[in-house]
Amino acid sequence: MSRTRWTLLSLAVFALGSTKVASAQGTITGRITAEGNLPLADARVIVVSTTVSATTNEDGRFTLKGVPSGTFDIQALHVGFQSQKKTVTMTAGAAITADFVMKQAIVQLAEIVTTATGQQRKVELGNAIQTLGNVNKKVEETPITSMQDLLVAKAPGVNVLSGSVTGGTPTIRVRGVSSINLSNAPIWVVDGVRYNTNTFGTAGQTNISLLNNLSPEEIEDIEIVKGPSAATLYGTNAANGVVVVTTKKGRAGTTRWTFTGETRTLDDRNNYQPQYANFGHRNGSTASIRCQLPVMVTSKFGFADGATCASDSVTSYNYLEDPDVTFIKLGRGSLFGTQVSGGNDAVRFFVNGSMDNEFGVVQMPAGDIRYYDEVLHVPVTDQMFHPRQQQKYNLRSNLSAQLSPKFDINVTGGFGKSSNTIEPDNSLIIGLLYVGQAGYGWKGCPKGTETTGCGMTGSDGKGYTDPTGFPLNEANSFAPGSIMQYVTTDDILRFIGSTTLNYRPVSWLQNEGTIGLDWATVDVFHVCRLNECPASGATARLGNVSDFKANNRNFSTKVTSTASWQATGAVNLKTTVGGEYANTEGDSLSAAGRGLPPGASTLGATSTFVSFSAAQQKAVKTLGYYVQEQASIRDRLFLTVAARQDQNSAFGTKFQHITYPKVSVSWLASDESFFPQFSWFNSFRLRSAYGANGVQPRPTDAFQTFSPGSQNVTKVDQQTGTDVSSLLANNPGNPLLKPERSSELEMGFEADFFNRRLHIDYTRYDKRTSDALIQLPIPSSVGASVTSLLQNVGKTKNWGNEVQASIGLVDRRNFGWDVTISASHNDNKWVDLGQDPSKCTTTDGATTCADLVIGSGTTTQQHKGDPLFSQWYRGYTYADKNGDGIIQVSEVTVDTALSKIAVGFAKDLVSIQNGVDFFQRRVHLSALVDYRAGGNTLEGNYFQCSAAPKGCRDNQDPTAPLWMQARAVAVNNGTRVNGTTYTTRLGYFVPAQFWKLRELAASMVLPQVANRYLKSQTGSTLVFGVRNVHTWSSFTGVDPEQNYGVNGNEVTNDFNTFPPPTYFTLRLNLKY
Amino acid sequence: MKIFADRARLGLTAVAVSVFTIAGCSHVKDQLLQPQVPGLVDPTAVGNPTAALALRNGAIGRYKQVQSGESIWQYAGTLADEYKNADFSVDRINADQRLTDAAVSWNYGPVTQSRGFIRDAIGAMIKFNPDSAALIGELYMELAFFEMTMADNYCNGIPLGHMENGVQVNGAPITVLQVYDSAANHLDTALVYTAKAIAAAKTTADQAGATFIDRAARVWKARVLIDKDRSNAGAAAALVATVPTTFAYDMTFSASAGSNGMWSLNNSTARIGVADSFDIINGQVTTIKNALPFVSAKDPRVPVINGDSVSPKVPPEDGVTRPFYLGGLYKGQFDPLVLASGVDARLYEAEGKLQGGDIPGMMTILNALRAARPTIGVTAIPALAALPTPASTDAAISLLFREKAFWTFGRGQRLPDLRRLIRQYGRTQDNVFPTGLYFKGGNYGVDVNFPVPSQEQVNPLFSSCLDRKA
């Protein structure tokens, strides 16, 4: 047994052995009410410094059993109310009554949080934990349809880049990024079980996320554990933060039913950019040709000066906004859900069922439907008519039972089924957005070209068709109706369940064990039936099918044991020991075939085998042990020391385990007698925490491997070969590979002012990552099996500030107004990248090497001292030297060298949550404003301007601003120096700064007359909401949140990716 | 006392539970943490004769690196006059326009990296299957093929390093001619092995197999000799005299082993089209100086299919390249690509005659080949009319290289031949490579090869090309 493990064991034994045993126990009962004698259900009551706690039932009553003898503080806590303490003295076998009348808090804060060792009061923690708090209220009262809607713009330091299409994958980053080779995404834990949020999909189509299988309807609370200082005890892989989800539990009392119905409309209100066409002629010719601005003749720039095209007229056309042809229409969605909750003090249950259907803003244009009806004489299937759809079904059943005063059990089970249909949206040629944004710049034929033919019309005056005869109707390359035959469905079946046992043999000892499973089966099925889909290749219309099936399994189990001890009258100690095992594994199979008979659509029906691949089971397993000691001094100073040791299957064979330490302190300074007392200054807490965590390498990074395969070897004197099995050296492996280790120091304060109307929470953090996994390059010319070797050599630094201010501006009977402002700034840089062995010099016997640079000469580079994923472009300058309003090639100068420009992801985040109540708080208005800055996005659609005869304003419209013309010249023409042409995309890498009115909602508590008519109860609501209301941005593309590389790509790119639509929702919540 | 006893009992229980738990976990730890990757092939599986053969098969599969994906044959075909770009990629357009940038990889990595896989296979075969002389010879031949490919396509300044017991041994940049020397040396080794295999053959099949590889090695040795110096053409001709015109050493494909990449790029994904001697630029027919009329010559050695005669019709990927032609040489995705052939042998013999000043002799060989009706891959070439004897040596040079361009279309030989016209025959690049207006805008550039990309700068001995000369 290693020394570290002995140390942990000794600590645990010491702590357990030193706990105070109290055989004499009593009972405390009571009732918690709000002012006006209104019972408060779901309030938490704890006996401070013990493990004894209870939750109030529907009538606000609670029972605390097994309270040890002695004098204790009892604390009552409930979101939205100011916590209260009472001191009681318990004697053996006594039964004490303690009632609380709680005062409503103007600023609503959660005071109990879920940590790796169990539930704790937030005041005891030295680190910041963001709690969404009262998720149910948010879901019921605002236009939230997915997990990403729930998280976006709610917490400082948490950047959520939404997947912009129905079912699309969001990218979530907590406190920025710190790795270039491993995931920067947080891990998810649902009811104690590791939850898989992987993405999957088909090339050329927006990815789907497994995250979408969680239904916001069934969530009680979400906590975001932001960094290693807080996530230490979650173990390896939690260095990027942890999103802890707790699903709803039943409430003792009368069985309560909630029926929810929601209808929503999706409207793509984005301003798409039109295409332009500049018609002109050559000198000495009358033939109409397309001009490009850089070679256009103007009054000051004639043919003699070298131009080749004189402009005659300019047309523009916006295909996507032409109601005659566009495939962008209104989308629709609906949700029906039922929740039932109830039980008694012994057994409580919660059941949720919901159906959510949505089809997106893409719909087959009427002209294409006519072609199906009148020419093809085949019906348009639903999947073709609405090629972007999602159907979700969720069923959850949670059961809590108190089997004895010492023994509880919680069983949770959630089943989800989702089916998505995703159209080709970001593929070249057969991508819908491609044909929509790459038009020719006019509708029909421009004047003068009707008889000679123009871009979309032949010389016979008839509209162009695609190669199969499908009318293009102003679209480029392929008709939308043809592309919509390309059907891909993503089906997921998901189960997540957990069982938690809680055993309290004595009042000072609590044992908890959780075992759980997250199982997801994924099926991505694609079909193009015979003679369907665009003729994008010689075999494209023979019919083709591909099928990808994957199984993902997460098995988690953990055991914790917590002992508490009142060491002195002022000092309480709490010791926790625990162990955790997590196994994340998956496998997959995929196959593709070609050649279908008429009507067939299955893989088995294909006549030609195309490909097959099987990804064998891969698993990452973590086994960890931890011990934590907490000291509470007079319930105002809290010290925590902890350590966790992990072993992991992905570590190198010569790296056995890693230990993560943690120390934190929290001091409720305002409770000290010496703290100055002001009427306007209510509380002040200082906190600080230091902790470490890591991110493991990928499953097989550490191992030397050979890749098996099949090769075809030519036969002697024949033109055919023989398939033979083969091996190739693959990964050289690294037995010393270990996790990237991050340690973080954070400090901050929380303060309440003006009768707790203003709450401020500030955190400063500094995260250092060492042993960063870097792919050290190997020259191709040495013929190694790889061109880089993964090694733990880098160091990064991540730092920032987070502040959240919650303000109760007005608190009147008929009018209330509260505002929560969150702001954060995150920055990062490379502290060290290791040294470049290729750039060493030896002077006087001493060898020094230059710092390693990764990606030299490419757009994304990593340099010591620079931010991660720095973007490097050639700079350029321009000047309209001849003053003709046209930027010629000679008027743009592109640098020959690349220079560091900026980063992708936003560094500055601000959100403003506004809530206003009217009419005795029966009507609630809310607004969410989201601001992001400090990042850039590549306008990836620029290339669609580059090839004549297509055109965009940049290179076709002579009235285009000079900067716009110049960036097109810089990317298409560039500058030629010594025989080399230097171009740059810099002009299209633009700030993605924006202000967004993200949500606007109005909810109304149904009047009694309505309740009587509907036989519903008080609390039923009607809600109208709008999501993605309006964007204010200087971004030169369509929307700064479009992201081609959704999930995992730290540099955003709007290339052929749909922008987010606006959602209008109307929701009725009926309670019985 | 009771409190004390309870405390002791519970403490001991906690200790026992903790020890039992941790000890138990230690016991099952290995099983709990063992990686579950049943598909993983680790080093213990490769130390035997069967595994050595599998490594050899894997190395043979590396031939595909020159033609699959964004391959060097595709880039070279567009930099020369064989193909024209029909997609969006700026890099691929730049190659077509003869504007190459060291920041782009130009498929350098897969080509040069293949040498390592072949060396691994040679080592394993010599260790575990030393009697398989023909297969060892074939691997040396393949090693030479990749070095020849590098010299054919990249600039002066190519490093040839290697791995030695897991340690990288960097190579200093050397000239194209020096790389040809290295290829020639490996071909000599290959020929030693094949001679040994032929001599030791106990069956007709063994002898045929060894002879098959021997002939391919001879064809490539001849090619390397000529590529290095045209004065070697006589020796090259002598080397291939025994190779029959019908001989072909192919790169073959199958559903599980991959497709013909040149077919994929042209016929399937339509990213490149067969080029011609003119283009439509701004609506006007514009002649491309020096470009051969691969389409309009209607030569059966370069069969083409235009968009109107294909069913289903295939548009170029960029949607705008016109005219756009699919190649007809490869009818299907698994049709073989010819790596070395008897046709090549005859062409080297013809150049040997040319080098010897025997233009009629050259024409005799060329016209005999035109009448021979050989098969290129799966395409049978009909008998072609004899060509008249050119009146001058210069015209004979042009004729030989034109004939060779049609016979070897799309097989990675046009670019090195254009370079040879400059390097060995004294022509200027303006009279050899496509020149003038480029159909996607601007003019053709001046590049005659691909730079060794800047990614090679991690090799401390390399900084950039020694020069970009032909």
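A quick note: this is a predicted structure, and the numbers were derived from the prediction, not measured. Numbers restart at 1 for each chain; the letters A, B, ... are given by sequence-line order, proteins then strands.
Contact of the B/Lys331 side chain with the B/Trp263 side chain is not registered, since no non-hydrogen atoms from C-beta on lie closer than 4.5 Å. Residues A/Ile778 and A/Ser788 are not in side-chain contact: their nearest non-hydrogen atoms beyond the backbone lie 4.5 Å or more apart. Side-chain atoms of B/Arg271 and B/Ser89, non-hydrogen and from C-beta on, never get closer than 4.5 Å to each other. A 4.5 Å side-chain heavy-atom check between A/Lys715 and B/Phe212 finds every atom pair outside the cut-off. Counting only heavy atoms from C-beta outward, the side chains of A/Leu728 and A/Ser785 never approach each other to under 4.5 Å. Under the 4.5 Å side-chain criterion, counting only non-hydrogen atoms from C-beta, A/Pro777 is in contact with A/Leu852. Between B/Asn170 and B/Phe462 the shortest side-chain heavy-atom distance does not fall below 4.5 Å. A 4.5 Å side-chain heavy-atom check between A/Asn511 and A/Ser561 finds at least one atom pair inside the cut-off.
Both the backbone and the side chain of B/Phe117 come within less than 4.5 Å of a heavy atom of chain A. With a 4.5 Å cut-off on non-hydrogen atoms, A/Asn648 touches chain B through its backbone but not through its side chain. Residue B/Arg119 does not touch chain A at all, counting heavy-atom pairs closer than 4.5 Å. With a 4.5 Å cut-off on non-hydrogen atoms, B/Asp250 touches chain A through its backbone and its side chain both. Proximity to chain B (any heavy atom under 4.5 Å) is shown, for A/Val713, by both the backbone and the side chain. For A/Ser710, the parts sitting under 4.5 Å from any heavy atom of chain B are the backbone and the side chain alike. The part of B/Ala59 that comes within reach of chain A is its backbone (N, CA, C, O), which places non-hydrogen atoms under 4.5 angstrom from that chain. Residue contact with chain B, scored on non-hydrogen atoms closer than 4.5 Å, involves the backbone and the side chain of A/Asp717 alike. There is no contact between A/Arg985 and chain B, counting heavy-atom distances below 4.5 Å. Within the 4.5 angstrom heavy-atom criterion, atoms from both the backbone and the side chain of B/Leu55 approach chain A. The part of B/Val46 that comes within reach of chain A is its side chain, from C-beta onward, which places non-hydrogen atoms under 4.5 angstrom from that chain. Neither the backbone nor the side chain of A/Ser613 comes within contact range of chain B; no heavy atoms are under 4.5 Å apart. For B/Tyr63, no part sits under 4.5 Å from any heavy atom of chain A, backbone or side chain. With a 4.5 angstrom heavy-atom cutoff, A/Thr705 touches chain B via backbone and side-chain atoms both. Residue contact with chain B, scored on non-hydrogen atoms closer than 4.5 Å, involves the backbone and the side chain of A/Phe706 alike.
The backbone N or O of A/Thr720 sits nowhere less than 3.5 Å from a side-chain atom of B/Thr252 that would complete a donor-acceptor pair.
Between chain A and the options B/Arg115, B/Gln168, B/Arg468, heavy-atom pairs under 4.5 Å are most frequent for B/Gln168. In terms of heavy-atom pairs under 4.5 angstrom with chain A, the leader among B/Pro453, B/Ala248, B/Ala257, B/Ser259 is B/Ala257. Interface remark: of the candidates A/Gly783, A/Ala729, A/Ser781, A/Ser649, A/Ser781 forms the most heavy-atom pairs closer than 4.5 Å to chain B. Of the listed residues (B/Ser256, B/Gly109, B/Ala205), the one with the most heavy-atom contacts under 4.5 Å to chain A is B/Ser256. Across B/Gln457, B/Gln333, B/Gln455, B/Lys64, the residue that shares the most heavy-atom pairs under 4.5 angstrom with chain A is B/Gln333. Between chain B and the options A/Asp587, A/Val889, A/Asp723, the largest number of non-hydrogen pairs under 4.5 Å is found for A/Asp723. Here B/Pro159 is the residue among B/Ala103, B/Pro159, B/Gly166 with the most heavy-atom pairs under 4.5 Å with chain A.
Of the N and O atoms on the side chains of B/Thr44 and B/Asp42, at least one donor lies less than 3.5 Å from an acceptor on the other residue. With no hydrogens or angles considered, no side-chain donor-acceptor pair links A/Thr622 and A/Asp646 at under 3.5 Å.
Using a 4.0 Å cut-off between charged side-chain N and carboxylate O, B/Arg62 and B/Asp120 make no salt bridge.
Under the salt bridge (charged side-chain N to carboxylate O under 4.0 Å, His left out) criterion, B/Asp335 pairs with no residue at all, not counting sequence neighbours.
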